[in-house]
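One structure is given here, and the rest of the page talks about it.
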Amino acid sequence: MNQRVIKKVRCNICSAGCPIDAYVEEGTLVSVEGSRDLPGQSGGLCSKGAASRQYVYNKDRILYPMKRIGKKGSGEFERISWDEAYRMIAENLLRIKKEYGPQAAAFYAGYPKWYRPALLRLANAYGSPNYCTESSTCFQSAAMAWRSIYGNDICFPDLMHAQTVLVWSNNLYHSNVGMARPYQSLKARGAKIIAVDPRETVTTQAADIHLKLLPGTDGALALSMAQVIIEEGLYDKEFVEKYVYGFEEYKAYVNQFPPEKAEKITGVDKKLIREAARMYASNGPAGVMFSASPVVHNINGMQNYRAVMCLIALTGNYDIPGGNPSRPGPVSPCNEYGKVKRLDTIEAIGEKDFPAWFDLPCEEAQCTRIADYILKEEPYPLKAVVGFGLNHRMWPEHFQKALKALDFYVNVDLFFSDSSKMADLVLPAASSFERDVVLNGRGGMFFLSEKAIEPVGEAKNDIEIMIGMLRAMQLHDEALEHGYEKYMEYILEPSGVTLEELRAHPEGVKGRVIIPPAFKRYEKEGFHTPSGKVEFVSQILERYKDSHGYSGLPEYRDFREVSGMDREAYPLILNTGSRKPQLFHARTYRVPWLAGLEKATLVEIHPEDAKKYGIADGDMVRVSSPVGSICGIAAVYLNSQPGIVHVYHGNAKGEANDLIDRNYLDPISGFPGYKSYFCKIEKEKGEVKA
């Protein structure tokens with residue numbers, strides 16, 4: 001009998017450099033230990049790696065470059081060589097550039113995110129201003145809100161030293177697992193927790209106060225807390241006087257939101273609003289914990305989050321230990337990750353519709369309306385898309401129609417998705433287990449996530465593919481043109497760490513060049529805003545008061561009033577986007593071990609609504625909105641509130657995004673109102689269908 005030889009490989013797959021052990025037998029992944037997640041993901045999964053194996057060796061994996069041979073959308077492709085694929089890309093992109101200009105091609109990054117600076121480099125080398133990412137609907141609105149007030153990147157809370165933490169719509173255990181342990185330690189040392197969330201979650205259970213608001217009313221709640229803090233003299237008068245612009249105007253505005261009024265808007269008891277405001281303002285230092293998109297997935301989302309973020313400066317908790325410091329720990333510099341700037345000499349898509357996006361620079365085009373821009377040829381013809389992990393499910397049917405209309409579309413992905421079926425060329429990407437990646441971790445640490453197995457088929461890592469495109473078009477970029485190994489060395493150069501050192505030390509290496517922690521940097525640097533101060537009234541937003549109707553104040557506009565919706569026809573609020581620990585947007589629904597857990601999309605409703613509409617737990621139901629309807633399985637829960645229907649997204653058996661009007665957008669950020677649209681529900685006849 002032959003003895004099995006299993007090789008153990010240390011691999012750091014997550015962005016924080018958390019180590020896992022991948023076990024490989026004859027080049028095949030057989031087990032994973034110490035892993036919390038699927039490749040590049042943040043949700044917890046089976047430690048034995050069953051889901052990881054089904055992911056890596058999935059029947060839908062793209063194994064070779066393939067070009068379309070049938071009609072677009074037919075799914076008919078044939079295998080070609082990498083050389084032929086690169087020639088095809090060069091011929092088409094250079095032709096389109098010559099005929100229509102470089103702005104006619106968009107470079108789109110979906111999931112994952114590790115390669116994004118390199119894709120921006122490729123777009124810049126080509127000359128296109130249209131570098132786009134899925135952050136047109138995730139994170140960037142929150143980042144804009146912060147920059148409109150403080151002028152820098154979001155400052156996250158210092159949990160280690162905070163006495164109070166205000167968690168605003170963030171279920172750590174399902175969407176940010178790495179923060180769960182520090183969060184658990186808060187209670188152990190006696191810190192207070194205020195959780196703001198429309199639903200009861202594992203995170204809210206640990207809170208001293210849970211402000212269970214109606215979805216989309218965050219701004220009114222934050223303004224009401226500010227009203228209490230100012231009225232009771234709990235704000236930091238010295239900080240406000242020295243460093244805040246527009247305080248008197250802000251003070252007058254928040255006076256319109258006493259807790260008695262906010263209770264009617266948000267559904268939160270006025271006593272709890274006062275209690276939370278006093279706790280946050282008085283039991284300092286206090287930090288606010290943000291999330292990427294729940295608050296901003298509302299048609300007033302950016303202003304709602306601005307109202308939340310103003311609380312930090314109001315109470316003097318900005319850039320101090322235990323508050324929201326700008327640099328709480330040591331960092332080691334690197335050459336990428338936010339340092340590559342978008343080419344802006346040509347108008348980008350979205351620039352006319354959402355001008356503040358570009359003045360509060362997101363360093364990418366705003367592409368939430370990219371399907372419209374393609375189909376209507378506005379503001380100019382958009383003829384090509386170079387996609388990496390592009391997923392049409394933002395606006396499912398409309399996006400597919402637009403992809404079909406392109407002159408040339410190439411998609412790089414792990415799986416042969418519905419979006420790939422519309423492509424002229426499909427290229428195979430390597431998974432996290434199949435590539436080497438330099439990671440910049442906390443405390444100035446660097447890691448090399450080494451591949452555990454060789455890529456399946458002829459898959460390549462995304463940046464190697466970008467380098468191939470760059471060379472095929474004879475374009476130039478100082479960081480990319482010398483190859484992937486040199487690119488990783490380029491990233492590391494400012495830190496003083498070498499690639500050889502990282503290969504020799506899988507546990508990570510601390511950068512030799514360390515920038516120490518710093519607090520109250522504004523005392524020397526000021527704030528990078530037009531006024532040089534914290535702007536409770538944003539001068540950038542005020543620029544567009546007449547042309548776009550923006551307000552410099554964190555103005556609250558109630559989606560129920562401004563939408564013009566017929567509430568008799570659609571009496572329920574539709575909420576979507578929350579995570580499940582086993583599912584990651586649409587990607588992991590293709591893993592049989594996970595997809596088999598549910599026959600159809602779950603539709604969560606409150607028991608009062610279940611009784612009202614004659615629905616029992618497990619019934620097949622139909623959820624309808626003004627733009628579509630889907631079927632799903634009713635799940636009767638107490639964790640939400642009456643009048644709210646929650647539908648999980650990403651499931652092709654019933655896609656929640658089919659229910660959202662593609663024009664239901666925040667006018668400032670362009671973000672969709674996924675968290676607060678309108679619907680009705682009814683029991684569906686027949687059995688649940690898989």
Side-chain angles (χ1 to χ4, degrees), residues 12 14-19 114 117 143 146-147 149-165 176 178-179 181-183 185-186 189 191 236 238-239 242-243 284-290 309 312-313 315-341 361 363 437-449 488-502 504-529 532-534:
N12 301 293
C14 81
S15 60
C18 301
W114 72 281
W146 182 274
R147 283 193 288 269
I149 301 168
Y150 300 98
N152 58 351
D153 292 331
I154 288 182
C155 299
F156 293 98
D158 176 11
L159 297 186
M160 187 177 296
H161 302 102
Q163 291 303 310
T164 299
V165 176
N176 194 357
M179 294 297 292
R181 186 168 293 177
Y183 180 72
S185 70
L186 291 171
R189 62 179 181 79
D236 189 322
E238 182 180 358
F239 183 90
K242 284 185 178 180
Y243 299 112
V288 178
M289 181 181 292
F290 306 105
M309 292 166 176
I312 298 168
T315 55
N317 281 298
Y318 175 74
D319 210 6
I320 64 170
N324 286 76
S326 59
R327 196 166 69 231
V331 296
S332 185
C334 61
N335 266 323
E336 300 290 71
Y337 309 109
K339 295 184 180 180
V340 186
K341 304 302 180 183
E363 301 302 341
V437 182
V438 169
L439 301 173
N440 187 6
R442 297 186 182 95
M445 294 293 293
F446 286 87
F447 305 86
L448 179 65
S449 173
M488 289 192 288
E489 291 173 0
Y490 174 83
I491 292 172
L492 288 168
E493 187 177 351
S495 70
V497 175
T498 67
L499 196 57
E500 290 74 18
E501 286 179 289
L502 293 185
H505 296 279
E507 72 279 7
V509 177
K510 193 165 187 174
R512 291 186 177 82
V513 179
I514 295 292
I515 303 172
F519 302 99
K520 295 188 177 181
R521 294 164 62 188
Y522 55 83
E523 292 181 341
K524 293 183 179 180
E525 301 175 9
F527 293 88
H528 301 290
T529 59
K533 294 185 175 184
V534 174

Checklist entry - Would you say the side chain of Cys155 lies within less than 4.5 Å of the side chain of Ser326, judging by non-hydrogen atoms? => result yes
Checklist entry - Taking the six-membered ring for Trp, are Tyr243 and Tyr522 parallel (under 30°), tilted (30 to 60°) or perpendicular (over 60°)? => result perpendicular
Next on the checklist: Are the side chains of Ile312 and Ile149 in contact, using a 4.5 Å heavy-atom criterion?
Outcome noted: no
Checklist outcome for this item: Closest non-hydrogen atoms of Gly443 and Lys510, given as atom of the first, atom of the second and distance, are O-CE, 3.2 Å
Next on the checklist: For Thr315 versus Asp236, what's the shortest heavy-atom pair and its separation?
Outcome noted: C-CB, 3.7 Å
Next on the checklist: Quick check on Met160: does its CE atom have over 12 non-hydrogen neighbours (other residues, nucleotides or ligands) under 6.0 Å away?
Outcome noted: no
Checklist entry - After noting the C-alpha distance and the side-chain angles of Ser495 and Val513, does the key distance pass the side-chain contact (heavy atoms from CB on, under 4.5 Å) rule? => result CA-CA 5 Å; Ser495 70; Val513 179; 5.7 Å; no
Item to check | Spacing of Thr498 atom OG1 and Glu493 atom CD [to the nearest 0.5 Å] | outcome: 12.0 Å
Checklist entry - Looking at side-chain heavy atoms only, is the closest gap between Asp319 and Tyr150 below 4.5 Å? => result no
Next on the checklist: Does any part of the side chain of Glu500, heavy atoms only, come nearer than 4.5 Å to the side chain of Glu489, both counted from C-beta?
Outcome noted: yes
Item to check | Distance-minimising heavy-atom pair for Ser449 and Leu439 | outcome: CB-CD1, 4.0 Å
Next on the checklist: Any heavy-atom pair between the side chains of Phe290 and Met309 that's under 4.5 Å?
Outcome noted: yes
Next on the checklist: Would you compute the distance between atom CG of Leu492 and atom SG of Cys334 and round it to the nearest 0.5 angstrom?
Outcome noted: 8.5 Å
Checklist entry - Looking only at heavy atoms, what is the nearest atom pair of Pro325 and Pro157, with distance? => result CD-C, 4.5 Å
Item to check | Side-chain heavy-atom pair Asn317, Val288 within 4.5 angstrom cut-off | outcome: no
Next on the checklist: If you count heavy atoms of other groups shown closer than 6.0 angstrom to CD of Glu238, is the number above 12?
Outcome noted: no
Checklist entry - Pick from Asn324, Asp153, Asn152: which one makes a side-chain hydrogen bond (donor to acceptor under 3.5 Å, both in side chains) with Trp146? => result Asn152
Checklist entry - Donor-acceptor pair, Thr164 side chain versus Gly284 backbone, under 3.5 Å? => result no
Checklist entry - Under 4.5 Å between any side-chain heavy atoms of Val438 and Leu448, yes or no? => result yes
Checklist outcome for this item: Taking every heavy atom of Met445 against every heavy atom of Asn440, the minimum-distance pair comes out as O-OD1, 3.4 Å
Checklist outcome for this item: Residues Lys339 and Glu336: closest non-hydrogen pair is CG-O, 3.6 Å
